[in-house]
Enquirer: 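Here it is, the structure in full.
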Amino acid sequence: MTTTVSAPRQVRPPAPAPRPARRRSRTWVGWSFILPNFIGFAALTLVPVIASLALSFLDWDSYSTPRWVGLDNFERMIHNDTFWTALKNTAYYAVGHVPLTLCAALGFAVLLNQKLKGARFFRTALFFPYITSLVAVAVVWNMLLSPESGPVNQFLRAIGIDHPPGWTTSTTWAMPAVIVASVWRDLGYYMILYLAGLQTIPAELYEAAQVDGANGWQRFRHITLPGLRPTTFFVLIMLTISSFKVFDLIQVMTEGGPGRATLVLSQVIYREGIVQGRFGYSSAVSMVLFVIVLTITLVQFRLQRRSER
Amino acid sequence: MSRVRRTSAYLLLGLLSVAVLVPFAWMVSSSLKADADVFSVPVRWIPAEFHWGNFSAIWGRIPLLTYLRNSVFLSVTITALQVLTGSFAAYGFAKVRFPGRDALFLAYIATIAVPWQAYMVPQYVIMQKAGLVNTHLSLILLQAFSAFGVFLMRQYYLTIPDELSEAARLDGLSEYGIWARIILPLSKPALASLALLTFVNTWNDYMGPFIYLTDNNLWTIQLGLRSFVGLYDAEYAMIMTGSVLSVLPILVIFLLGQKYFVQGIATSGMK
């Protein structure tokens, strides 16, 4: 026997009008999710970020009472040639590291994006330096670049360069040496970003271009490069920010030397603040670093938006 | 693709990959040599005699076991905390609507863009006042609540349709229940990539331990390796042995989780 009793139609309750009590409980629920993370984040990131601005106007060594000194720290900074050397070196590092890493990453990505067997192996091999510890990277490169019998200089002598540079022991060549090691380490990471970017370019564009008789270079120039513009923009910002923050690699490879040949801003901040305890002065240098990074990022955003129009 | 082009692409890639891998080859090869043979002229890529003994000798030269234990402890604790609090907070940001949420999220995003060096000093002062300098707890607190983890997880949660949590709500599941029983199981790839990235970053971190840890017993493998280089800079083979040992765990983890690594980087695009 079949009874055709229609099941009671499920009636969706009408969307409840937002009652204050309900909204309050929602707020509480929302905060309860965020709170465990937020407490740590606020105390150890948000507050320090805000405090560093205030610190740069103080004279303070953590033991004495802080004293408001206005722009004194900044004034001392602009008359200090260690600061200018570090600023110049930081810019030197960025100018070398950013374009070289970008070109290497782009080149590898384009090569790997072709349908080749074993692409996975190459991708893995090229990415691996990025997740290797910086200490190991720095130590190995120092040994490879060792002036007398390091493999790099042995190779250079073998191809006829009689007096190869002393690399990390030479004031002229220490920075290029550091840059080479850093490009080697970073290119795999940006290559992956580029590979992801290449996947978003429709294959039909290439097919159409081929029909029109465009050669490989023309396809790269007129399809690949424009298609990768958002990725390049992102890579450029990330690379610039990370270049201005460089510390570990230089600290382990050269400790800023020889002399002050590879001294960068982050080392000045570390030495002045944490080693010497001059918190105010160190924070003033931090502010400069922060403003530089911010300015470059904003300029890049502006340029990007203009080129999109 | 024509055969010529294909062959030249292979050749180029092969050549470049070899060039990229040379430093690793040098590292492994030197770790198996006697000190005197490391800088032989001409370069010997395969040791004349394999000194496997380097790998057992190094444990007696420096407290490697202590360093490794510290590194494992810090990496595991920080990764666990970051994945837990990060995914929990991300649920609040992605799925619960409440006033002030977006402003709060903006504060998280903004700090990602601030260079760490810019607030390193006030952070250090806070730790100093709390008496936590030279403890593992300082590093755990510093790294367990990263804005990046929250950001990455939130981006992933946004791709999970809201209807799922709506339906669960109608079924009477609490928000915490939805997070634990619906969202978490669905976000395994994101959780895995966050865990891997955090683990590797913590394992390789040099600057944090360098600034906060002065006591030799608390050092991580990175600090231990660096000090070894300073103390025994004539023992090249030993230094390379230590480097190999510090890289090995990362290699294993990387090969196991390669898929998630690449996915994590390609989708989030951030470090």
Side-chain angles (χ1 to χ4, degrees), chain A residues 26-27 29-30 33-34 36-38 40-41 44-46 48-49 51-52 55 62 108 111 114 116 122 124-126 128-129 131-136 139-141 143-144 146 149-151 154 184 189 192-193 196 234 241 244-245 247-248 252 266 269 273-274 279 282-283 286 289-290 293 297, chain B residues 1 9-10 12-13 17 20-21 23 26-27 39 41-43 85-86 88-89 91-93 96 98-99 101 107 111 114-126 128 141-142 144-145 147 150 175 200 204 206-207 211 222 225-226 229 236 239 243 246-247 250 254 258 262 265-266 269:
Chain A
R26 252 133 137 94
T27 306
V29 169
F33 273 101
I34 290 160
N37 189 279
F38 185 72
F41 166 77
L44 293 161
T45 304
L46 204 54
V49 165
S52 65
L55 267 182
S62 116
F108 275 120
L111 263 176
Q114 310 185 46
L116 293 173
F122 292 125
T124 309
L126 295 172
F128 191 59
I131 55 162
T132 310
S133 85
L134 259 168
V135 178
V139 171
V140 171
W141 275 94
M143 288 176 73
L144 288 173
S146 155
S149 36
Q154 279 196 41
W184 173 80
Y189 174 73
I192 301 235
L193 292 184
F234 184 72
I241 294 177
F244 275 91
K245 296 196 296 192
F247 180 87
D248 305 34
V252 184
S266 60
I269 296 170
I274 285 160
F279 294 140
S282 167
S283 295
S286 312
L289 179 63
F290 170 62
V293 171
T297 311
Chain B
M1 213 186 322
Y10 268 119
L12 197 58
L13 260 180
S17 308
V20 168
L21 290 176
W26 164 263
M27 183 157 111
F39 285 120
V41 182
V43 183
T85 68
F88 201 56
Y91 183 83
F93 280 124
V96 187
F98 60 94
R101 181 187 74 169
T111 63
V114 181
W116 183 54
Q117 283 89 346
Y119 55 93
M120 172 174 99
V121 168
Q123 223 172 30
Y124 188 80
V125 174
I126 292 174
Q128 207 180 39
L141 290 174
L142 282 184
F145 308 104
V150 175
E175 294 294 325
V200 170
N204 287 337
Y206 176 71
M207 200 172 179
I211 288 172
Q222 308 302 339
L225 188 61
R226 177 70 187 96
V229 174
Y236 305 110
I239 290 168
S243 302
S246 80
V247 172
I250 292 301
F254 174 53
Q258 214 202 115
V262 174
I265 291 168

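Chain A is the first sequence line, chain B the second, and so forth, proteins listed ahead of strands; every chain is numbered from 1.
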Enquirer: Non-hydrogen atoms of chain A under 4.5 Å away: do they reach the side chain of Gln123(B), the backbone, both or neither?
Expert: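 For Gln123(B), heavy atoms of backbone and side chain both lie under 4.5 Å from chain A.
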Enquirer: For chain B, find which of Gly273(A), Ser283(A), Ala125(A) contributes the most heavy-atom pairs closer than 4.5 angstrom.
Expert: Ala125(A)
Enquirer: Shorter than 4.5 Å, heavy atoms on both sides: which option in Ala144(B), Ser17(B), Gly86(B), Pro115(B) has the most such pairs with chain A?
Expert: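 Sorted descending by pairs with chain A, the first entry is Pro115(B).
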Enquirer: With a 4.5 angstrom heavy-atom cut-off, is it the side chain or the backbone of Val20(B) that approaches chain A, or both, or neither?
Expert: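 Contact with chain A is through both the backbone and side chain of Val20(B).
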Enquirer: Go through Phe145(B), Tyr91(B), Trp116(B), Trp26(B) and name the one with the most non-hydrogen pairs under 4.5 angstrom from chain A.
Expert: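 Top count of heavy-atom pairs under 4.5 Å with chain A: Phe145(B).
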Enquirer: Among the options Phe244(A), Trp184(A), Phe279(A), pick out the one with the most heavy-atom pairs lying under 4.5 Å from chain B.
Expert: Trp184(A)
Enquirer: Considering only heavy atoms, which portion of Thr132(A) lies under 4.5 Å from any heavy atom of chain B: side chain, backbone, both, or neither?
Expert: both
Enquirer: Relative to chain B, which segment of Val293(A) carries a heavy atom at a distance below 4.5 Å: side chain, backbone, both, or neither?
Expert: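 It is the side chain, since no backbone atom gets that close.
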Enquirer: Heavy-atom cut-off 4.5 Å, strictly under: side chain, backbone, both or neither for Phe88(B) against chain A?
Expert: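 Phe88(B) touches chain A through backbone and side-chain heavy atoms alike.
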Enquirer: Between Pro23(B), Gly92(B), Ala107(B), which has the largest tally of heavy atom pairs under 4.5 Å with chain A?
Expert: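 Sorted descending by pairs with chain A, the first entry is Pro23(B).
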Enquirer: Could you check whether any side-chain heavy atom of Asn37(A) comes within less than 4.5 Å of a side-chain heavy atom of Phe93(B), counting everything from C-beta outward?
Expert: no
Enquirer: Restricting to non-hydrogen atoms, name the atom on Met207(B) and the atom on Asp248(A) that form the minimum distance, rounded to 0.1 Å.
Expert: N-OD2, 3.5 Å
Enquirer: Counting C-beta onward and ignoring hydrogens, is there a side-chain heavy-atom pair between Met27(B) and Val247(B) closer than 4.5 Å?
Expert: yes
Enquirer: Quick one: what part of Thr297(A) sits under 4.5 Å from any heavy atom of chain B, side chain, backbone, both or neither?
Expert: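 Neither part, no heavy atoms under 4.5 Å.
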Enquirer: Any idea which heavy atoms bring Ser52(A) and Tyr119(B) closest together, and the distance?
Expert: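 The answer is CB-CA, 4.3 Å.
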Enquirer: Output all residues satisfying side-chain contact (heavy atoms from CB on, under 4.5 Å) with Ser246(B), sequence neighbours left out; order by chain, then residue number.
Expert: Ser133(A), Ala136(A), Ile221(B), Leu225(B)
Enquirer: Is Leu13(B) close to chain A through its backbone or its side chain, or both, or neither, when contacts mean heavy atoms under 4.5 Å?
Expert: both
Enquirer: Please determine, among Val96(B), Val150(B), Ile239(B), the option with the most heavy-atom pairs under 4.5 Å with chain A.
Expert: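 Ranked by contacts with chain A, first place is Val96(B).
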Enquirer: Only pairs of heavy atoms separated by less than 4.5 Å count here; which of Ser282(A), Ser286(A), Pro48(A) has the most with chain B?
Expert: Pro48(A)
Enquirer: Check ring-ring contact (aromatic ring centres under 6.0 Å, His included) between Tyr236(B) and all other residues, then give those that pass, not counting sequence neighbours.
Expert: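 Tyr236(B): ring-ring contact (aromatic ring centres under 6.0 Å, His included) contacts with Phe39(B).
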Enquirer: Checking heavy atoms, do the side chain of Leu141(B), its backbone, both or neither come under 4.5 Å from chain A?
Expert: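 Both parts, heavy atoms under 4.5 Å.
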